[in-house]
Amino acid sequence: MTVPRPAQQGDLMRTLEAVGRGVATGTVATLAMSVPMLAATRLGIVRRQAPEQITDGLLQRAGLTEDVRSDSARDALAAGNHLLFGAVGGIGFALLARRLPPTIPPIAAGVAYALIIWTVSYAGWAPALRLMPPLDDDEPARPAVMLGAHLVYGAVLGATTPTNGRAPTHR
């Protein structure tokens with residue numbers, strides 16, 4: 001068994017700290033992005049939120065639709081899935097942010113990261129797995145609402161995640 005050297009232990013601790021911060025900031029950013037999503041639903045702009053549709057699709061694929069019959073259970077699962085996905089995204093950003101050059105503004109980096117997540121999700125894996133319709137076949141307002149919500153997610157990530165040794169910006 002190889003014993004890590006002190007420098008390796010320091011690197012491991014910094015990585016684990018970044019993972020922990022990523023879970024926290026990703027969760028907070030997901031909660032923040034949920035505000036415009038819920039507002040769009042309450043205002044009748046969007047009929048169903050993407051996390052609900054994805055969760056329903058996953059339940060159907062797993063053959064669990066009969067096991068999860070109540071709307072409240074499905075809503076809880078969709079919210080949990082959304083928070084988990086956002087926390088994992090926060091981990092990715094926290095690990096990436098440690099390597100950002102100091103010339104890149106953290107909020108801009110967070111927004112760019114969130115735009116990548118939106119693109120890869122809504123124009124990539126979700127329609128490819130038939131969990132969401134392609135963007136041009138979706139509810140008319142949902143892509144724009146989700147894009148706006150992802151901009152909020154990225155801005156919050158950038159504002160709350162330390163980058164390259166700098167503390168988060170609190171403005």
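These numbers were taken from a predicted model, which means no experiment stands behind them.
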I need the [X] [atom1] to [Y] [atom2] distance, nearest 0.5 Å.
{"X": "L96", "Y": "T161", "atom1": "CG", "atom2": "OG1", "answer": "10.0 Å"}
{"X": "L135", "Y": "W118", "atom1": "CG", "atom2": "CH2", "answer": "5.0 Å"}
{"X": "R142", "Y": "R47", "atom1": "CZ", "atom2": "CZ", "answer": "7.0 Å"}
{"X": "L131", "Y": "Q53", "atom1": "CG", "atom2": "CD", "answer": "8.5 Å"}
{"X": "E52", "Y": "L77", "atom1": "CD", "atom2": "CG", "answer": "11.5 Å"}
{"X": "I54", "Y": "R48", "atom1": "CD1", "atom2": "CZ", "answer": "10.0 Å"}

Identify the heavy atoms of [X] and [Y] that sit nearest to each other, and give their distance.
{"X": "G26", "Y": "Y153", "result": "O-CE1, 3.7 Å"}
{"X": "A87", "Y": "T30", "result": "N-OG1, 4.3 Å"}
{"X": "V111", "Y": "A155", "result": "CG2-N, 3.8 Å"}
{"X": "A159", "Y": "I107", "result": "N-CG1, 3.8 Å"}
{"X": "G22", "Y": "A94", "result": "CA-CB, 3.7 Å"}
{"X": "S121", "Y": "P127", "result": "O-CD, 3.4 Å"}

Nonpolar side-chain network containing V145, other nodes, edges under 4.5 Å:
L43, I45, V46
Checking one residue: I91. Which other hydrophobic residues are in its cluster under the side-chain 4.5 Å linking rule?
V19, V23, L95
Using the rule that two of Ile, Leu, Val, Met, Phe, Trp, Tyr join whenever any of their side-chain heavy atoms come within less than 4.5 Å, decide whether [X] and [Y] are in one cluster.
{"X": "L151", "Y": "I116", "result": "yes"}
{"X": "V35", "Y": "M146", "result": "no"}
{"X": "V120", "Y": "I117", "result": "yes"}
{"X": "L31", "Y": "V156", "result": "no"}
{"X": "V88", "Y": "F85", "result": "no"}

In terms of side-chain geometry, is the basic nitrogen of D11 or R14 positioned less than 4.0 Å from the acidic oxygen of its partner?
yes
Please examine the side chains of P106 and L100, heavy atoms only from C-beta on, and report whether any two atoms are closer than 4.5 Å.
no
Any P51 side-chain heavy atom under 4.5 Å of N81 side chain
no
Donor-acceptor pair, distance only, cut-off 3.5 Å: does the side chain of Q49 make one with the backbone of M37?
yes
May I ask you to decide if G154's main-chain N or O and Y113's side chain share a donor-acceptor pair within less than 3.5 Å?
no
Hey, mind stepping through L147 and Y122 against side chain to side chain contact (heavy atoms under 4.5 Å, CB included) and telling me if it holds?
CA-CA 9 Å; L147 178 60; Y122 295 101; over 6 Å; no
One pair to check against side chain to side chain contact (heavy atoms under 4.5 Å, CB included): R74 and T55. What are the steps and the verdict?
CA-CA 8 Å; R74 285 177 183 229; T55 298; 5.8 Å; no
